[in-house]
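Inspection log for the structure reproduced underneath, given as structure tokens.
For ligands, and for the atoms within them, numbers begin at 1 and follow the listed sequence. Numbering of residues begins at 1 and proceeds along the displayed sequence. Note that this is a predicted model, so its numbers are computed, not measured.
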Amino acid sequence: MNVQELVLKLNDIDAVKLGEFKLKSGIISPIYIDLRVTVSSPQLLASIAEMMYQKVYCSGTAQGKPSLVCGVPYTALPIATGMSIAHDIPMVVRRKEAKAYGTKQLIEGRFKEGDNVLVVEDLVTSGASVLETVRDLNSVGLTVTDVVVLLDRQQGARETLEKNGLRLHSVFTMEELINTLIESGKLAGKTLDLVKAFLEANRNVTVPAPAPAPVVVASNKRFEERAKIAVNPMATKLFNLMASKKTNLAVAADLTNKQEILNLAESIGSEICVLKTHIDIIEDYDQTFISALEAIASKHNFLIFEDRKFADIGNTVKYQFENGVYQISKWAHMVTVHGVAGSAIIEGFKDGLKQNGSGLLLLAQMSSKGSMCVGEYTNQMIEMANNNKEQVMGLICQERLQSMTDNLVLMTPGVQFNSTGDKMGQQYNTPEYIIKEKNTDIIIVGRGIYQNSQPKTEAIKYRAASWNAYESKNFN
Ligand code: S5P
């Protein structure tokens with residue numbers, strides 16, 4: 001099959017669409033090539049994979065056969081698979097997002113450092129997506145010299161990739177596609193004018209370098225230093241409290257009877273920096289509970305964290321925070337907030353936070369199996385925290401990502417010494433792993449302590465494990 005025949009076949013299966021389409025880069029285009037439909041035409045798909053392979057290895061520019069081919073979900077994945085099977089070249093797959101749990105691999109498949117990878121994409125526009133793929137491959141020690149695509153939309157990708165030391169091979173360009181459509185009478189008149197004008201106007205799209213891959217990094221500052229950087233007053237208070245009391249243990253007091261919670265607080269109060277409540281699970285709740293808990297908190301010097309997980313519109317969370325039976329804003333030093341409603345939710349807390357100088361903890365990642373707080377959602381939560389430093393004191397997360405700044409307190413639930421999980425989706429890691437490997441600041445332990453027959457003895461062990469892990473880190 002030659003290029004003209006291929007283009008007409010793609011046109012026949014509706015892979016070429018004319019109209020108004022928003023590209024990933026945000027540009028509106030009058031022509032859109034949707035190669036996803038090729039999965040419905042296996043013969044054509046096999047030919048595409050072969051033509052792409054030939055383009056790289058018969059043009060004489062590529063240096064020998066690659067060790068691996070890399071497919072990027074979704075469109076290019078079946079193409080790369082076809083190439084891998086036909087030429088017996090093992091494949092790796094670059095995930096769009098690293099999984100939050102399990103093996104946490106960004107690149108799936110077996111490989112060794114230094115392996116050369118041929119990146120296979122369906123099409124390139126500006127080259128930004130390819131650069132992201134290359135970045136992730138490089139981050140695990142793989143090298144990339146050649147990139148093959150079916151279609152080069154001729155909007156700057158070739159130049160951008162060249163600048164980054166990458167050779168781009170394309171089976172056909174947008175110009176060739178359009179010429180073929182014109183010659184066969186499939187593109188004419190006003191639509192043709194629109195397409196031509198668009199291509200001319202968007203010939204060279206410059207792309208900013210892709211954002212760095214999400215990596216777990218340690219803070220090099222001690223809590224005392226971070227207290228000075230923190231903007232939210234409760235974050236400052238908590239950093240100072242941890243530094244002076246020498247504890248980064250928070251306990252989740254998920255008991256349903258107020259006296260049981262007070263007994264627990266009294267017994268472990270000396271070991272913790274924070275006591276976390278779920279106020280709405282207490283069966284015999286009344287206002288006396290709060291004053292009693294506050295007295296214990298000031299005696300033992302810990303803060304009270306109400307894990308309300310607010311998630312509604314600003315107006316509703318304002319009521320939920322300040323009113324109702326619990327009047328949370330009056331006593332909680334910190335509360336948890338989900339980001340599903342968008343950043344305007346913060347507005348609902350502004351008045352209430354002033355009452356206590358308290359702070360918000362945004363749920364950036366969750367410990368439960370199948371959590372949807374991953375990838376772009378996590379990034380958005382970090383951004384929300386960075387944009388609202390006065391209100392947001394920290395994040396609930398499972399790891400410290402590069403974009404999590406030192407002013408934020410990072411708290412991690414899902415911690416136990418001797419369990420990997422429960423029957424309801426909870427997943428556990430050890431204190432050492434969370435503080436030392438995942439670089440967060442505070443462990444939150446619930447059942448590991450309050451269900452133990454000796455909660456105080458157990459709290460002492462958790463405190464020592466997480467504080468020693470903190471002290472063993474490298475600081476400036
Ligand atoms: O992702 C999360 C966020 C939170 S706040 N996973 C969690 O488990 N939590 C809370 O931490 C949860 O509501 C519970 O109160 C505590 C963990 O308790 P454990 O008994 O599983 O240690």
* side chain to side chain contact (heavy atoms under 4.5 Å, CB included) partner of N248, the single match among I435, D441, L238 ->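 Answer after filtering I435, D441, L238: I435.
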Tell me: protein heavy atom nearest [atom], and distance?
{"atom": "atom 14 (C) of ligand 1", "answer": "D254 OD2, 3.2 Å"}
{"atom": "atom 19 (P) of ligand 1", "answer": "Y428 OH, 3.4 Å"}
{"atom": "atom 8 (O) of ligand 1", "answer": "Q426 NE2, 2.8 Å"}
{"atom": "atom 5 (S) of ligand 1", "answer": "D307 OD2, 2.9 Å"}
{"atom": "atom 22 (O) of ligand 1", "answer": "G446 N, 2.9 Å"}
{"atom": "atom 3 (C) of ligand 1", "answer": "P413 CG, 3.4 Å"}
{"atom": "atom 6 (N) of ligand 1", "answer": "S367 OG, 2.7 Å"}
{"atom": "atom 13 (O) of ligand 1", "answer": "H278 NE2, 2.9 Å"}

* To do: List for me each residue that meets salt bridge (Lys or Arg N to Asp or Glu O under 4.0 Å) alongside D312, sequence neighbours excluded, and say none if there are none.
  =>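 For D312 there are no salt bridge (Lys or Arg N to Asp or Glu O under 4.0 Å) partners, ignoring immediate neighbours.
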Would one find an N or O of [X], backbone or side chain, under 3.5 Å from an N or O of ligand 1?
{"X": "G414", "answer": "no"}
{"X": "K276", "answer": "yes"}
{"X": "T336", "answer": "no"}

* To do: Can you label the angle between the F223 ring and the Y470 ring as parallel, tilted or perpendicular, going by 30° and 60°?
  =>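 The arrangement is parallel - the two ring planes meet at less than 30°.
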* **Of R153, Q155, K17, the residue whose pairing with S29 passes side-chain hydrogen bond (donor to acceptor under 3.5 Å, both in side chains)** =>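 Testing each of R153, Q155, K17 against S29, the sole residue satisfying side-chain hydrogen bond (donor to acceptor under 3.5 Å, both in side chains) is R153.
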* To do: Please report the C-alpha distance between E271 and H300 in whole Å, then the side-chain angles of each, then the deciding distance to 0.1 Å, and finally whether the side chain to side chain donor-acceptor pair (under 3.5 Å) criterion is met.
  => CA-CA 8 Å; E271 309 308 315; H300 290 294; over 6 Å; no
* To do: Taking only Lys NZ, Arg NE, NH1 and NH2, and the carboxylate oxygens of Asp or Glu, determine whether D406 and K228 approach each other closer than 4.0 Å.
  =>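 No salt bridge links D406 with K228.
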* To do: Please name the residue in the list F310, Y326, W331 that meets the ring-ring contact (aromatic ring centres under 6.0 Å, His included) test with F321.
  =>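 Looking at F310, Y326, W331, the match for F321 under the ring-ring contact (aromatic ring centres under 6.0 Å, His included) is F310.
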* Asked: Is the shortest distance from a heavy atom of Q451 to ligand 1 less than 4.0 Å?
  ->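 The answer is no, since Q451 has no heavy atom less than 4.0 Å from ligand 1.
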* Asked: Does K276 make a cation-pi contact with F305 (under 6.0 Å, within 45 degrees of the axis)?
  ->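 Flagged: K276 positioned over aromatic ring of F305.
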* For R447, the ligand 1 atoms whose distance to one of its heavy atoms is below 4.0 Å ->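 Here the atoms of ligand 1 in question are 19 (P), 20 (O), 21 (O), 22 (O).
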* Considering only heavy atoms of M366, which atoms of ligand 1 have at least one such atom less than 4.0 Å away? ->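 This gives 1 (O), 2 (C), 3 (C) as the contact atoms.
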* To do: Considering non-hydrogen atoms only, spot the tightest contact between A459 and I449 and give its length.
  =>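 Closest pair (atom of A459, atom of I449, distance): CA-CD1, 3.7 Å.
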